[in-house]
Q: 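This is the structure, below, for whatever I ask next.
If you read the sequence from its start, that first residue is 1, and numbering goes on from there. As a basis for the values below, the full set of heavy atoms in this structure was taken, side chains included, without hydrogen atoms, waters or symmetry mates. Just so it is clear, the structure is predicted and the values come from calculations on it, not from any experiment.
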Amino acid sequence: MSFSAAELQKRHGLEGAPDPFPSLGGSTAPAPTAVKRFTNNNNDNGPSTSVDTSSEDAFPSLGASAAPATNITKPAISAWASKPSAVKATGGKVKPNTSGGLGRAGTPTAASHPFSDTFSIPAADLTQGKTAQETIQKVREQTGVIVESSTQMRTGLKTFLIRGPDQKKLTIARRLIERGLSKPITISVEVPITTLGTIIGPKGSTLKSITESTQTRVDVPKRENLPAYDPKESNEKDQDADEDDEEDDEPLVSISVTGPSASCNDAKNKILSLISYKTSQTSTSIKTIPSSYYPFIAGPKGVKAKQLEEELGQGEVKIHVPPPAVWKALEKQSQGEADDTDVIPKDRDLSIKVKGEKEKVKLIVQEILKRYEELNDSLRELKISIPKRQHRFLVGSSADEILDQTSCIVELPPVYDPSDQCVIRGPQPSLIPALTLVMDRANAISVEMVDVVTLHRPNTSDPLAHAKKVLRYLIRTSNLRSIADSHSGVKIFPPFASAVANTGSVVIEIVGENKSEVSKVKDEVASLVKSILPAGTTTVEIDHLIHSLLIGKRGSKINQFEQTHNVTTVFPPAQEESSEVTLVYTGPLDGLPTEKKARDAKLKETLAGASKAIEELAKDAADIKTETLIIEKKWHRFIIGSGGTVLNALIGEDQLVNVKVGSSATNGKPSQNKGVDEDSVVVRGPSTEVDRVVGQIKQIVEDARNDDIVNGFTIEFNVLKTYVPHLVGTSGATINKLRETLGVKVNFDDDESAGAAGKKGGKKPVVHCKIVGRKEAVEEAKKRLDLQIEKLEDETTEVLHIKRSIQPALIGQGGKYAIRLEEKYGVKLSFPRDSKENQKPDEVIIRGGKKGVTAAKAELLEAAEYESESRQEIQFKIPTKAIAQLVGKGGITINKIKDESNAQIDIEKTPDEKDATKTTVTVKGDKKAIGDAKKAILCLVEELGDEVEDELKVDSKYHRTLIGQGGQRLRESIAAAGGPAEGFKQSGLVTFPKSGDANPDVVRFRGDSKIVKKIKAELEKQVLVLKENIIIGVVVPQSQHASKIGRGGSALQDLQRKTGATVHFPGSRQYASIGEIENASELGDAPEGDIVKVIGTKEVVGRAAELLQVSRSTPSNDYPSRTISIPTKYYHAIADQQNLIRQIRNVGAFITIPTAPPKPANHSKTSASNTNGNGLAAKTARIDLSGGDEDEPVDVEGDFELIENYQNYPEGEQDWSVRAKEEQDLDRAVEVLEGALEKAKAATHVGLLTGLPRSAFPRIIGSKGSTISRIRVETGADVQVSKDDDLITITGGE
């Protein structure tokens, strides 16, 4: 036997129970009945059609409850909603289908909205109240989706369920909800300063597209607030800096994004995607780690650094750990490249550089810093003195070997430091082994020294000066490297300039493992040094600019000179800009006199000739001169060009000339030439090159002047400073348009002299305006600016005082009213904002022409007066206990007052602090609306009177009778006792206990004391009458039951109304639970299926019995009939089908049902509830009771058992007979009966589900049975929920 959803709800006492998942913003008024909803749908879909007699909605089955059946074939109601979304959004009136309804009209259904999406947003981040409702309504209208929501109190998340016709509509709806309901927030996005141009785009186009597409506000810092950073200067520094040092980090700029949370994230992602090329890769310097720890970080031969690159960097990151500076210096010395520039101490240590993918760089930097902290805590040090000359044996591969074997390193003092103090750093147990290894390495090499000063001391009075020349010559000619290369395993180390300066000696060291080879090399070096006699060297002063000319291309010129004069020319490094050129005689010594004086004289003579020859070459190569040009400073930019490009082209690739422009001509020092100033351009170099460069500079300046004559027409004038923002426009839009249209340059500069004079004379400050371009364009630009200035001079300002509370109404949604006023009168309205500190909250400023301002002022004041009258408010207090009745169930009462009065009503959430029995009510609107609303509220409060609570003990077996079908009898009882007749006002007056209550016999009353007293007396009177009722059985042949019940139960209802008795036919839901009949002995052996139970007083049941036993005419037995044999076990499955008899009658036939066989005991299963009330179901039987400790979640997993149907049913067959006037009607009747048989055969199994908490049953049944109806339709199974325990029976195919 199946139950309708509405009947299930009434059986479980869930009539009017609140929906556990109410829809956001929806009406909470009671849903209309099924018949009424059927009528509304007809009206919505088109003209009414003829009545469908086969409709289950219009004509419920005979076997069902008298309650109207719920339409389960079209589950138009959402599983979470108490009524369709379309009804909620229109206050009960279903609107035509909106976009997204797949072309269907009427209420959206599960079939028309197959796609769904669920997402959650923190409730604290969402707007509430009217704004939220308007947003949801807008989403529904624009996309046609169903929107439902619920809030999880434990997590604080608000979950939204949206259903739509397609995925695209769901995506749009979700975006609208996230952006419309989220509170505005502000986030910061840090970007490199050089990417601001990319983010803003040409004339702000890129930034504008981001703000429009995401509906956010993006604020970029102004230029004057940006940190100082010049990419060009940074690049120049990079070129000059050491190749291993890290450039200065580019500063980051914070951009603020304001708007809804989702929109801000969208804007942030768009900004980051624009500059991903810059932000995805990064280069970081680690400057906090001392260089002495670098070898530990890198590991032997860089093994640890490579391991980090592969494991954490995954091949996308490069790590550069520079070696200590002393290591590099010693390695260069071993190659014979020691020079003054190599030993100049750095201002700071070189840093570790990590470059690659941004996120992986961060991970590696963190790991390196972590390792440094661990090393700093664990490493110890040991100091030791090692001779300076042996330091070179402890670097490079030797240092890697020491680190690999002992986990220690040797820290060496800088090469320019004369100290020989070294530090061995490493783990404490490894320090002594490391010391032993270090000393072995230092002493394993043979060292010999050649003292150049000592060798030449007998030959010159200034041996040190000569020794320095010899050293530079040896390095210049690479003779030392040649000697070392000819002897395997031997290296020659020339001294550093710092060592020479500190010690006053020039010592060349020769090292190697083979002592004999070292001795041979020493002899060769000493011989080479001795061959360079003091008399064989001289110094010539030649301008450093000529050095490159003397050398020539690839040294061709100087090589020829050296071969001719048997000398070697040693030029100083170019960066020194020194004029000293050293000549060293390298010719054969055999041809010189053997006597010392004669030899020296010959050498001096030879070098004198060479000196004179090179001076002549210098003179012939270039006549160096300096020429100074006086050129106005404004033309210097044309000489330099963008990024110095023009100046670089003038100087040329060989850089034979030096050009200094303007203030740079003096190099920042006082010039000795009085003619050099900021307008000077100094050109110095060979005369021919100077003449070329000077000519080109003059031509460039001439071209610039000619261009200035054509496009340099200038008009200058003063403008009041207050006009400038209007002339420039928002973000320069107005002035940029003028510049682009006419091709002119327009600049506004503060005129300090005019401003100072204006202050003294009391005049307004002015700004100097300068327009430059072609004459015609400049004059037109001036004309246009004059027209704007004339309009501004006519401009006036009015300040109106308007209450802040009515300003939003004057502005309008999206500012539409304010914009209309501005466009209509050509004025600018300025309403106060929180950010405007100088404007008071009640001040509205109007700016514009006098005529427009006057008209706008009049209209604005008129509108303000109207809004003031229509936006009044009053406050009054009412008893706190009356709040619930004032609001009504789901807000129905308060909403009705709002709709009828057109007033806004706000009730304080908490009672008055001084008097907790009173609560403040605020009413807003015009005078009439406020008066009507207040009157309605006070009338309602007066009706409530003195509220009391009372109880009445009534046996639970009388509860159903006292309530009546659908609560009708209870409503009539309340009205008869003088209570309100309206259903929403009766709510809460009488409360019957629910299943599982502690006191199942106690009926509670709450309301006005007089009404409660009368209602209680009325119920007591009815209970006394019910106690006098008896139950008798009346034998009525089963073939007459249909006629006694009538179509739709009309005959039965008429009988009960006439007699006042309650009649139950066999097969009804209440038949078995009513009780035993009192006249069972009088009925004899009457079949059980023929016994009808009648309840009432003796007189009432007597009249009812007489009417039931009156026979009615039956269809003629002369009609054609047909008999169908059906297995007896299917009897109850077919007979209990709700619409069987009606379907057969609809085809014009009649059915004779055989005598019912005995029905086996119902399928049952041990309930999950314990008999002592301590089980899970017992604990969760009430949906309004707490589930216990929130930290201990309830296990709601049920127990399911599947068994075969029709077990223990009697075997055999029964004959079912159908009759009809026409054969074709008979055939159709047989088809109906056979269809019922097939349906019964399909129900092969029964599923018994137990263990679910009864608190979950309201969700299973749904509002008005919508959920369980949907389950039946979707699965094809019959679902029955027990009212007595936690058993749920599911019948259908396996």
Q: Are any side-chain N or O atoms of Ser273 and backbone N or O atoms of Asn269, one a donor and one an acceptor, separated by less than 3.5 Å?
A: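 Side chain of Ser273 to backbone of Asn269, a donor-acceptor pair under 3.5 Å: yes, one is there.
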
Q: So which atom in Ile1271 and which in Ile1260 form the shortest heavy-atom distance, rounded to 0.1 Å?
A: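 The answer is CD1-O, 4.5 Å.
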
Q: Can you confirm whether Thr151 sits close enough to Leu157 that some side-chain heavy atom of one is under 4.5 Å from a side-chain heavy atom of the other?
A: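 Result no, sub-4.5 Å side-chain heavy-atom pair not found.
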
Q: Restricting to non-hydrogen atoms, name the atom on Ala933 and the atom on Ile905 that form the minimum distance, rounded to 0.1 Å.
A: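 For Ala933 and Ile905, the tightest heavy-atom pair comes out as CB-CD1, 4.2 Å.
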
Q: side-chain hydrogen bond (donor to acceptor under 3.5 Å, both in side chains), that's the test. Do Ser150 and Thr159 meet it? Break it down for me.
A: CA-CA 5 Å; Ser150 64; Thr159 301; 4.9 Å; no

Q: Using side chain to side chain contact (heavy atoms under 4.5 Å, CB included), reason through Lys169 and Asp166 one step at a time and then give a plain yes or no.
A: CA-CA 6 Å; Lys169 293 288 175 60; Asp166 55 60; 3.1 Å; yes

Q: Would you check if Ile146 and Glu148 make a side-chain contact, meaning some heavy-atom pair closer than 4.5 Å?
A: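 A side-chain contact exists here, since the closest heavy-atom pair is under 4.5 Å.
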
Q: Is the shortest heavy-atom distance from the side chain of Phe160 to the side chain of Ile177 under 4.5 Å?
A: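 The answer is yes; the side chains approach within 4.5 Å.
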
Q: Ignoring hydrogens and angles, tell me if any N or O in the side chain of Ser1266 forms a donor-acceptor pair with the backbone of Gly1262 under 3.5 Å.
A: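 The answer is no, because no donor-acceptor pair under 3.5 Å joins these two groups.
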
Q: Is any side-chain heavy atom of Leu1287 less than 4.5 Å from a side-chain heavy atom of Leu1249?
A: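 No, every pair of side-chain atoms sits at 4.5 Å or beyond.
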
Q: About how many Å separate CD1 of Ile187 and CD1 of Ile185, when rounded to the nearest 0.5 Å?
A: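 Between atom CD1 of Ile185 and atom CD1 of Ile187 there are 6.0 Å.
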
Q: Which heavy atom of Val923 sits nearest a heavy atom of Ala903, and at what distance?
A: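 Heavy atoms only, the tightest pair is CG1-CB, 3.9 Å.
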
Q: Can any side-chain N or O of Ser263 pair as donor or acceptor with the backbone N or O of Gly259 at less than 3.5 Å?
A: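 Between the backbone of Gly259 and the side chain of Ser263 there is no qualifying donor-acceptor contact (under 3.5 Å).
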
Q: How long is the straight-line distance from CD1 of Ile1261 back to OG1 of Thr1267, given to the nearest 0.5 Å?
A: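 If we round to the nearest 0.5 Å, Thr1267:OG1 and Ile1261:CD1 are 9.0 Å apart.
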
Q: To the nearest 0.5 Å, tell me how far Ile907 CD1 sits from Ile894 CD1.
A: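 So the CD1 of Ile907 and the CD1 of Ile894 are separated by 4.5 Å.
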
Q: Tell me whether Ser205 contacts the main-chain N or O of Gly201 through its side chain, where contact means a donor paired with an acceptor under 3.5 Å.
A: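 Answer holds: no.
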
Q: Can you check whether Lys270 reaches Ser213 side chain to side chain, under 4.5 Å on heavy atoms?
A: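 Heavy-atom side-chain distance check passes, below 4.5 Å.
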
Q: If every non-hydrogen atom of Thr1291 is compared with every non-hydrogen atom of Ala1243, which pair is closest and at what distance?
A: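 Looking at all heavy atoms of both residues, the shortest contact is CG2-CB, 3.8 Å.
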
Q: The test is side chain to side chain contact (heavy atoms under 4.5 Å, CB included); show your working for Thr1289 and Val1279 and say whether it passes.
A: CA-CA 6 Å; Thr1289 305; Val1279 183; over 6 Å; no

Q: Apply side chain to side chain contact (heavy atoms under 4.5 Å, CB included) to residues Lys924 and Thr922 and explain how you reach the verdict.
A: CA-CA 7 Å; Lys924 300 179 182 178; Thr922 303; 4.1 Å; yes

Q: Tell me if a side-chain donor or acceptor on Asp1286 pairs with a main-chain N or O of Gly1251 at a distance below 3.5 Å.
A: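 Pair found, side chain donor or acceptor close to backbone of Gly1251.
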
Q: Can you tell me how far apart CD1 (Ile255) and CG (Asp219) are? Round to the nearest 0.5 Å.
A: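 Answer for the CD1-CG pair, Ile255 versus Asp219, is 9.5 Å.
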
Q: With distance as the sole test, does His113 use its side chain to make a donor-acceptor pair with the main-chain N or O of Gly144 at under 3.5 Å?
A: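 Yes.
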
Q: Cut-off 3.5 Å, side chains only: do Thr186 and Thr258 have a donor facing an acceptor?
A: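 Indeed, the side chains of Thr186 and Thr258 share at least one donor-acceptor pair under 3.5 Å.
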
Q: What's the verdict on side chain to side chain contact (heavy atoms under 4.5 Å, CB included) for Thr893 and Lys896, showing C-alpha distance, side-chain angles and the deciding distance?
A: CA-CA 5 Å; Thr893 306; Lys896 182 179 180 182; 5.8 Å; no

Q: Determine whether Lys138 and Glu134 satisfy the following criterion, salt bridge (Lys or Arg N to Asp or Glu O under 4.0 Å), listing intermediate values before the conclusion.
A: CA-CA 6 Å; Lys138 180 180 177 182; Glu134 291 176 349; over 6 Å; no

Q: Is there side-chain contact between Arg163 and Val145, with heavy atoms separated by less than 4.5 Å?
A: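 Result no, sub-4.5 Å side-chain heavy-atom pair not found.
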
Q: Side-chain contact, heavy-atom cut-off 4.5 Å: Leu274 with Thr206?
A: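 Sidechains of Thr206 and Leu274: in contact.
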
Q: Should Gln137 and Glu141 be marked as a side-chain hydrogen bond (donor to acceptor under 3.5 Å, both in side chains) after you check the CA-CA gap, both sets of side-chain angles, and the distance that decides it?
A: CA-CA 6 Å; Gln137 177 65 18; Glu141 293 176 353; 2.7 Å; yes

Q: Supply the atom-to-atom distance Ile199 CD1 to Leu207 CG, rounded to the nearest 0.5 angstrom.
A: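 These two atoms lie 8.5 Å from each other.
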
Q: Which atom pair, heavy atoms only, marks the closest approach of Val218 to Ile271?
A: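 Reported closest heavy-atom pair: CG1-CD1, 4.3 Å.
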
Q: Just checking Lys1239: does its NZ atom have more than 12 heavy atoms from other residues, nucleotides or ligands closer to it than 6.0 angstrom?
A: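 It does not: Lys1239 NZ has 12 such atoms or fewer within range.
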
Q: Any side-chain heavy-atom pair from Leu810 and Phe831 closer than 4.5 angstrom?
A: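 Answer yes - side chains close enough.
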
Q: Salt bridge check: are Asp266 and Lys268 linked by an N-O gap of less than 4.0 Å?
A: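 Looking at Asp266 and Lys268, the cut-off is not met.
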
Q: Looking only at heavy atoms, which two atoms of Ser805 and Pro808 are closest? And how far apart?
A: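 Closest approach of Ser805 to Pro808, heavy atoms only: O-CD, 3.7 Å.
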
Q: How many angstroms lie between atom CD1 of Ile1290 and atom CZ of Arg1272, to the nearest 0.5 angstrom?
A: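 Separation between the atoms: 11.0 Å.
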
